[in-house]
Protein chains: 4
Amino acid sequence: MDRIARMFATHPRPASDAGEEAFALVTAAAECAHTCITCADACLEEDDPAALRKCIRLCQDCAVICATTSTLIARPGAQDRNVLEAQIRACIEACRACADECGRHADHMDHCRVCAEACRVCAEACERMAGALVA
Amino acid sequence: MDRIARMFATHPRPASDAGEEAFALVTAAAECAHTCITCADACLEEDDPAALRKCIRLCQDCAVICATTSTLIARPGAQDRNVLEAQIRACIEACRACADECGRHADHMDHCRVCAEACRVCAEACERMAGALVA
Amino acid sequence: MDRIARMFATHPRPASDAGEEAFALVTAAAECAHTCITCADACLEEDDPAALRKCIRLCQDCAVICATTSTLIARPGAQDRNVLEAQIRACIEACRACADECGRHADHMDHCRVCAEACRVCAEACERMAGALVA
Amino acid sequence: MDRIARMFATHPRPASDAGEEAFALVTAAAECAHTCITCADACLEEDDPAALRKCIRLCQDCAVICATTSTLIARPGAQDRNVLEAQIRACIEACRACADECGRHADHMDHCRVCAEACRVCAEACERMAGALVA
């Protein structure tokens, strides 16, 4: 994802100097979106997917919410601060809920362990971005 | 979009009895997502798109946030309430901000007038769904 | 979805006179995307989701492909014809594969019956749009 | 994006042994989707965005098509081969068209240069994945 950092550096008129936090969040949210997609698919392929319905749905919801976060943050130009903050808040909720649920299965399903990790990293990147927006 | 209502009626285990509010929100958010996509495209095609940057970006942000809302709400099975509420909150912020900005151009650009209307309808459907979640 | 038709009518510089086919396709693809999302969720909630893995995955794939189709077609300005044609072709493949699989379960699961119907309607709207692009 | 590779390694039942090509494509398509989003935003912020309408639209189309590709390929379980091939074909068309257009501006706009690069890398990853599917 090196090119994403280079893209941020070439933007003619970035709205803020939170470029570092923004790049970290785009990367973390894109990674989390895809680990969630793969985790939902892996859960579906386990022997008893009926027992994993909650995990599958949280992964699916977290995936689309993270993808929206990375899309919004990948636009360095001026954006509405209330919208960004509310999106980041939704992303934190989704990542935390998914990390909690995947964390429950982390002992016996490696995909849930890695996915929970990605969710926590994304939630932290969201927190840092939210802090940079306020500053 | 009649089939979406029929889909809701055929789900084996809906998590709530907010089916009516959910169907209304899926329809309103899907409509709003697409009016925002078309409005951004129309703004880009106006004689002076540089004057419409803010409107284009808000339409783009609102489009992806509304699409995420309609995706989440189109899953009638059990979901995390905090995640749903945070997503609906983000959607209300995006729809209001976009309705305000498009509303400023409504007099001289019909696409902004119709788009602002769709944003307001979606924000109201979000409010009703949020109310149904709390009930 | 009335406002989508009105949006098309207000665009300052539509690239083609295929507005009617485009509006029909945006509506059909948006409907199909959401029936597929709901169908995958309903399949997951059936007593034996392990038996429905293929159906769930096809619904998920068809949902994202249809959402991309409706997004592209909702931009009436000039677009690359090869890209549009290839996207419409992918959408036809996804809708047909999903209609076939859902069609197999249509007798005993109403959500699959309605979803198969939405997929066929979208595939037909794609065919008509492809025809209009060539003309 | 290391965790995406780890997710692939933990899937209980991958449908193919094209894991390496799949991981490369998920990463390239996710990167390309985001460089395209940033490039469209950067073009919009240039002094004369009206001169860049074609580039903006191609970047937007390429972004959503690449996001759909990375979503589909991030599901290692069994999928319909015709659908995957058609989606990869659409992605190649979008990446090539966007690389050509961005390539035209590469001399004087760095964001277009980097974006064209990401598009070419993604098109190549698509070609390799298509080859692995046939094998």
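In the text below, chain A, chain B and the rest are named by the order of the sequence lines, each starting its count at 1.
Residue B:E20 qualifies as open at atom CD: its count of foreign heavy atoms under 6.0 Å is 12 or below.
Scanning for side-chain hydrogen bond (donor to acceptor under 3.5 Å, both in side chains) contacts around D:T68 gives C:T68, with sequence neighbours left out. D:S70 is linked by a side-chain hydrogen bond (donor to acceptor under 3.5 Å, both in side chains) to A:H34, counting only residues two or more places apart in sequence or in another chain. For D:R6, the side-chain hydrogen bond (donor to acceptor under 3.5 Å, both in side chains) test picks out A:E117, with sequence neighbours left out.
Of all residues spanning residues 45-57 of chain D, those with a heavy atom less than 4.5 Å away from chain B's heavy atoms are D:E45, D:E46, D:D47, D:P49, D:A50, D:R53, D:I56, D:R57, arranged by number.
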